[in-house]
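A, B, ... follow the sequence lines: proteins, then strands. Residue 1 opens every chain.
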Amino acid sequence: MVDRGLLDADPVEVAPLLLGKVLAHGGRAGRIVEVEAYRGADDPASHAFRGQTARNAAMFGGPGLLYVYFTYGMHWCANVVCGPEGEAGAVLVRALEPLCGLGAMRASRLAGRRGGAGRPGEPPDRELCRGPANLARALGIDGRHDGVDLLSSGTGAGRPRLLDDGVAPPTRPARGPRIGVRWGAEEPWRFWVAGEPCVSGRPPPD
DNA sequence: CTTTGGATCGTCT
DNA sequence: GACGATCCAAAGG
């Protein structure tokens with residue numbers, strides 16, 4: 001299990017440390033390979049920029065909570081809340097390397113898509129958890145899990161969890177501007193594991 | 001290969 | 001009433 005103290009800091013510092021950790025839920029698990037940091041009142045790209053609301057309340061909670069939000073009328077995205085309670089901050093999980101339950105991941109992905117029956121060519125393993133909305137759907141995480149504690153030691157096997165299996169974060173993570181934001185796009189607060197094929201977006205030039 | 005637009009609805013102005 | 005921390009498929013080069 002991840003130490004809660006690790007998360008009780010500025011999201012920009014916590015984000016690269018989450019690379020290598022494991023996000024698990026419902027018999028499925030993946031290693032975090034791409035994240036983005038979002039801060040509070042000083043970050044115009046953050047949901048918490050204009051203060052606390054019913055939607056972003058989890059962002060103001062204590063470190064280790066899960067913040068799940070709904071967007072574009074159809075997508076859920078999962079964040080790890082960090083920083084002290086009362087202060088907004090979170091790290092958006094953008095991509096995972098699938099580890100366990102790949103069959104269930106693929107089933108969730110296919111169940112969620114619109115239109116007719118499956119087309120030829122299902123998603124390859126490395127695309128199962130590529131992108132924030134995709135990984136939430138693959139793991140079965142949605143609005144019901146907003147505000148749950150990822151670090152509580154209870155026996156809920158059906159509960160989302162953040163695990164540390166001893167794999168260290170990269171000593172020199174790749175780093176660049178956040179994706180899909182209009183304001184604050186210049187801040188290099190996106191971090192990923194260099195060379196990792198499960199990372200979303202275009203393959204980095206190097 | 002790149003570009004474009006549709007889907008779809010909770011949240012905040 | 002407008003617009004998303006997105007994704008995918010279809011159309012165009």
Trainee: At under 4.0 Å, does any side-chain N or O of A:Asn134 touch on OP1 or OP2 of C:dC8?
Mentor: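 Checking C:dC8 against A:Asn134, a side-chain N or O does come within under 4.0 Å of OP1 or OP2.
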Trainee: So, do A:Ser46 and A:Met59 sit near enough that their side-chain heavy atoms are less than 4.5 Å apart?
Mentor: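 A side-chain contact under 4.5 Å exists here.
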Trainee: Say you pick atom C1' in B:dT3 and the same atom in C:dA5; how far apart are they, in whole Å?
Mentor: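 It comes out at 22 Å once rounded to the nearest Å.
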Trainee: Tell me the salt bridge (charged side-chain N to carboxylate O under 4.0 Å, His left out) pairs involving residues 42-57 of chain A, sequence neighbours left out?
Mentor: A:Arg39-A:Asp42, A:Asp43-A:Arg178
Trainee: List the residues meeting side chain to side chain donor-acceptor pair (under 3.5 Å) with A:Asp125, not counting sequence neighbours, and say none if there are none.
Mentor: A:Arg106
Trainee: Using Watson-Crick pairs (N1 to N3, plus N6-O4 or O6-N4) and G-U wobble pairs, both distances under 3.5 Å, which stems of at least 3 pairs involve DNA chain B?
Mentor: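 Result, WC/G-U stems under 3.5 Å: B:1-7 with C:6-12, B:9-12 with C:1-4.
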Trainee: Starting at atom NE2 of A:His75, determine the distance to atom P of B:dT11, rounded to an integer number of angstrom.
Mentor: 16 Å
Trainee: What is the distance, rounded to the nearest whole Å, between atom CZ of A:Phe49 and atom C1' of B:dT13?
Mentor: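 So the CZ-C1' distance, A:Phe49 to B:dT13, works out to 15 Å.
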Trainee: Specify the separation, in whole Å, of atom CG of A:Asp146 and atom C1' of B:dT11.
Mentor: 13 Å
Trainee: Write down the distance between CG (A:Leu128) and P (C:dC7), rounded to a whole number of angstrom.
Mentor: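 Answer to the nearest Å: 14 Å.
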Trainee: Roughly, in whole Å, what's the span from CG in A:Leu110 to C1' in C:dA9?
Mentor: 15 Å
Trainee: Report, one line per pair, each donor and acceptor closer than 3.5 Å where one atom sits in a side chain of residues 73-93 of chain A; sequence neighbours left out.
Mentor:
| unit_1 | atom_1 | unit_2 | atom_2 | d |
| --- | --- | --- | --- | --- |
| A:Asn79 | ND2 | A:Tyr67 | O | 3.1 |

Trainee: Whole-Å distance between B:dC12 C1' and A:Gln52 CD?
Mentor: 15 Å
Trainee: Applying side-chain contact (heavy atoms from CB on, under 4.5 Å), name anything that partners A:Val148, two or more places apart in sequence or on another chain.
Mentor: A:Leu66, A:His145, A:Pro160
Trainee: List for me each residue that meets side-chain contact (heavy atoms from CB on, under 4.5 Å) alongside A:Asp165, sequence neighbours excluded, and say none if there are none.
Mentor: A:Val22, A:Arg31, A:Val167
Trainee: Report the distance from atom CE of A:Met74 to atom C1' of C:dA9, rounded to the nearest whole Å.
Mentor: 13 Å
Trainee: With 3.5 Å as the limit, what N/O pairs link the protein to nucleotides 1-5 of chain C?
Mentor:
| unit_1 | atom_1 | unit_2 | atom_2 | d |
| --- | --- | --- | --- | --- |
| C:dG4 | OP2 | A:Arg182 | NH1 | 2.4 |
| C:dA5 | OP1 | A:His47 | NE2 | 2.5 |
| C:dA5 | N7 | A:His47 | NE2 | 2.9 |
| C:dA5 | N1 | A:Asn79 | OD1 | 2.6 |
| C:dA5 | N3 | A:Tyr69 | OH | 3.2 |

Trainee: Kindly write out the residues that satisfy side-chain contact (heavy atoms from CB on, under 4.5 Å) with A:Ala24, not counting sequence neighbours, or none if the list is empty.
Mentor: A:Ala29, A:Leu163
Trainee: Could you pull out all residues at least two apart from A:Arg175 that satisfy side-chain contact (heavy atoms from CB on, under 4.5 Å)?
Mentor: A:Val12, A:Pro188, A:Trp189, A:Phe191
Trainee: Would a distance-only check, ignoring hydrogens and angles, find a side-chain to backbone donor-acceptor pair under 3.5 Å from A:Arg109 to A:Glu127?
Mentor: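 Looks like yes, one N/O pair under 3.5 Å.
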